[in-house]
Amino acid sequence: MLQTIREWLWWERLWLPEKVSWADLQDKEDRTYAKASQLYAAVPCALCLLVVRYLFERYLATPLANALGIRDKVRLTAEQNPILEKYFCSQARHPSQTDVWSLCKKTGWSERKVQLWFRRRRNQDRPGLRKRFCEASWRCGFYLCAFLGGLLALYDKPWFYVLKEVWAEFPKQSMLPSQYWYYILEMGFYLSLLLSLTFDVKRKDFKEQVIHHVATLTLLSFSWISNYIRIGTLVMAVHDSSDVVLEGGKLFNYAKWEKTANVMFVVFTLVFMVTRLVIFPFWLIHCTWVYPLERFDPFFGYYFFNVMLLVLQILHIYWAFLISRMAYKFIFSKQLDGDVRSDEEEDDSDSPKDINHKLSHMNGAMNGARGRANGH
């Protein structure tokens, strides 16, 4: 049974064009080909990156946050209440109005007090500004190094300038050491992000992030095994270019450098729209969809690779929509409200209406006391 599954999984027609077999991709004196077993190196690489990230955030990002005066907002802790805590953990973080009334009866609290408790309790689970700054610092640092390393590995390659060269001699293309390290580091990084999703800042597009990381790892793994390495390196470089600016803009936003953050946001918007909505679909996907058919008939790997690229493109369109919303607010308000994907902290103090209501009662009580003191 296992042998049958193994034979089907590595069936040459799934991975390679017709008239090409795994025997054709055996290493020779002048050529070294990518092998599936080399992908196992991404696992220890991911674990090492998690350790490096911990050291980076503790000994570099945290002192930088101190130097920039970044402080977490003082939060009011929700008082102990087993009934509300049980509902919060087992049922919902945002109770319906009906549930609020039911909880009021069970606890003997007022409606406003119950709603205030839930706001404070939700804020307790939200990461502070310093954690967001440290996380963005790590990502910015990695994306910058990866992007510069990618350019260094690609600048002297003919397929960086002429996309048809991506398919020259395919699939019998020798693997370069720079391609190996570029792939392993990128795969290790995305695997580390997948492993740390539960600990990182949770955003509104959490599910989309999971899909993105899984799709990226699947795409990179398949492109490695099928020797789609040249186009794979181009895809990684295009993605890293805008990610560097995005994470850098977050750092300035967290540090309250508003003018610099605004400039970075404009640059990021332009880079993202050009790379993800123009270069990626009309150059890279066109390169993988059209040019291969000039050299070989379509096979399963051809369709699978292009479908995975389309999944990424759908995510790009979704994120472009979010960015456009931010750009709209920026144009009309001249300031950034932060990352629209983030779960924003709620006001855990009394609302102005409640405060005014309290003040009116206090003033009435004080006036009554004065009247009684004066004999009226």
Side-chain angles (χ1 to χ4, degrees), residues 9-10 15 25 27 31-62 131 134-155 157 160 173-202 206 208-244 246-248 304-305 308-309 311-312 315:
L9 181 62
W10 295 107
W15 302 90
L25 300 180
D27 291 349
R31 286 181 179 269
T32 302
Y33 296 105
K35 300 175 182 62
S37 59
Q38 293 169 323
L39 295 178
Y40 292 127
V43 177
C45 180
L47 298 177
C48 288
L49 285 175
L50 288 175
V51 175
V52 173
R53 172 181 175 175
Y54 171 79
L55 297 175
F56 177 90
E57 292 185 359
R58 180 167 184 175
Y59 295 107
L60 289 177
T62 299
K131 177 175 174 58
C134 291
E135 179 183 313
S137 298
W138 164 248
R139 296 193 184 201
C140 182
F142 180 87
Y143 286 134
L144 179 61
C145 293
F147 178 63
L148 295 177
L151 289 181
L152 192 63
L154 288 167
Y155 84 98
K157 306 300 186 296
F160 186 63
Q173 298 170 340
S174 182
M175 178 192 67
L176 304 175
S178 59
Q179 293 173 329
Y180 171 82
W181 287 109
Y182 194 18
Y183 255 78
I184 295 301
L185 287 173
E186 286 275 357
M187 290 190 65
F189 178 71
Y190 281 106
L191 181 58
S192 72
L193 291 183
L194 199 60
L195 295 174
S196 64
L197 270 176
T198 54
F199 306 103
D200 289 341
V201 176
K202 193 169 183 179
F206 176 81
E208 289 79 6
Q209 286 284 345
V210 174
I211 295 173
H212 175 269
H213 296 339
V214 171
T216 300
L217 288 170
T218 303
L219 190 64
L220 292 177
S221 300
F222 182 86
S223 65
W224 180 264
I225 297 172
S226 296
N227 218 16
Y228 277 57
I229 298 177
R230 292 182 179 180
I231 189 64
T233 54
L234 294 176
V235 170
M236 290 188 291
V238 165
H239 280 73
D240 290 340
S241 61
S242 59
D243 289 335
V244 174
L246 170 63
E247 301 300 334
F304 181 80
F305 188 77
M308 295 306 296
L309 289 181
V311 170
L312 288 182
L315 292 174

**OP:** State the CE-CH2 distance between Met175 and Trp224, to the nearest 0.5 angstrom.
**Re:** 4.5 Å
Original post:
What distance do Gln173 atom CD and Tyr33 atom OH have between them, rounded to the nearest 0.5 Å?
Top reply: 9.0 Å
Original post:
Can you tell me how far CG of Asn227 sits from NZ of Lys35, rounded to the nearest 0.5 angstrom?
Top reply: 10.0 Å
Original post:
For Ala41 and Tyr180, which heavy atoms make the closest approach, and how far apart are they?
Top reply: CB-OH, 3.8 Å
Original post:
Is Trp138 close to Leu49 at the side-chain level, that is, under 4.5 Å between some pair of heavy atoms?
Top reply: yes
Original post:
What are the two closest non-hydrogen atoms of Gly232 and Tyr183, and how far apart are they?
Top reply: CA-OH, 3.2 Å
Original post:
Any idea which heavy atoms bring Val244 and Leu144 closest together, and the distance?
Top reply: CG2-N, 3.5 Å
Subject >> Contacts of Asp243 that satisfy salt bridge (charged side-chain N to carboxylate O under 4.0 Å, His left out) - sequence neighbours left out >> reply: Arg276
**OP:** Could you tell me whether a side-chain N or O of Ser221 sits under 3.5 Å from a main-chain N or O of Thr218, the two making a donor and an acceptor?
**Re:** no
**OP:** Of all the heavy-atom pairs spanning Cys45 and Gly188, show the shortest one and how long it is.
**Re:** SG-CA, 4.1 Å
Subject >> Approximate separation, where rounding is to 0.5 Å, of Thr62 OG1 and Lys131 NZ >> reply: 10.5 Å
Original post:
Is there a donor-acceptor pair closer than 3.5 Å between any side-chain N or O of Ser226 and the backbone N or O of Trp15?
Top reply: yes
Original post:
Closest heavy-atom contact between Met187 and Leu217?
Top reply: O-CD2, 3.5 Å
**OP:** Give a yes-or-no answer on whether the side chains of Tyr143 and Arg139 include a donor-acceptor pair shorter than 3.5 Å.
**Re:** no
Original post:
Trp10 and Ala36: which non-hydrogen atoms are nearest, and at how many Å?
Top reply: CH2-CB, 3.5 Å
Subject >> Side-chain touch Glu186/Asp240, heavy atoms, less than 4.5 angstrom >> reply: yes
Original post:
Is there side-chain contact between Lys157 and Leu176, with heavy atoms separated by less than 4.5 Å?
Top reply: yes
Subject >> From CZ (Phe189) to CD1 (Ile184), nearest 0.5 Å >> reply: 15.5 Å
**OP:** Kindly indicate whether the side chain of Phe222, heavy atoms from C-beta on, has any atom under 4.5 Å from the side chain of Met308.
**Re:** no
**OP:** State the CG-CG distance between Leu220 and Leu39, to the nearest 0.5 angstrom.
**Re:** 9.0 Å
Original post:
Who passes side chain to side chain contact (heavy atoms under 4.5 Å, CB included) against Ala136, sequence neighbours left out?
Top reply: Glu247, Lys250, Leu251, Tyr254
Subject >> Min side-chain heavy-atom separation Ser196-Arg53 under 4.5 Å >> reply: yes
Original post:
For the side chain of Thr32 and the backbone of Ser174, is there at least one donor-acceptor N/O pair under 3.5 Å apart?
Top reply: no
Original post:
Just wondering, are more than 12 heavy atoms of other shown residues or ligands nearer than 6.0 Å to CZ in Arg31?
Top reply: yes
Original post:
Does Phe305 reach the side chain of Leu309, with side-chain heavy atoms less than 4.5 Å apart?
Top reply: yes
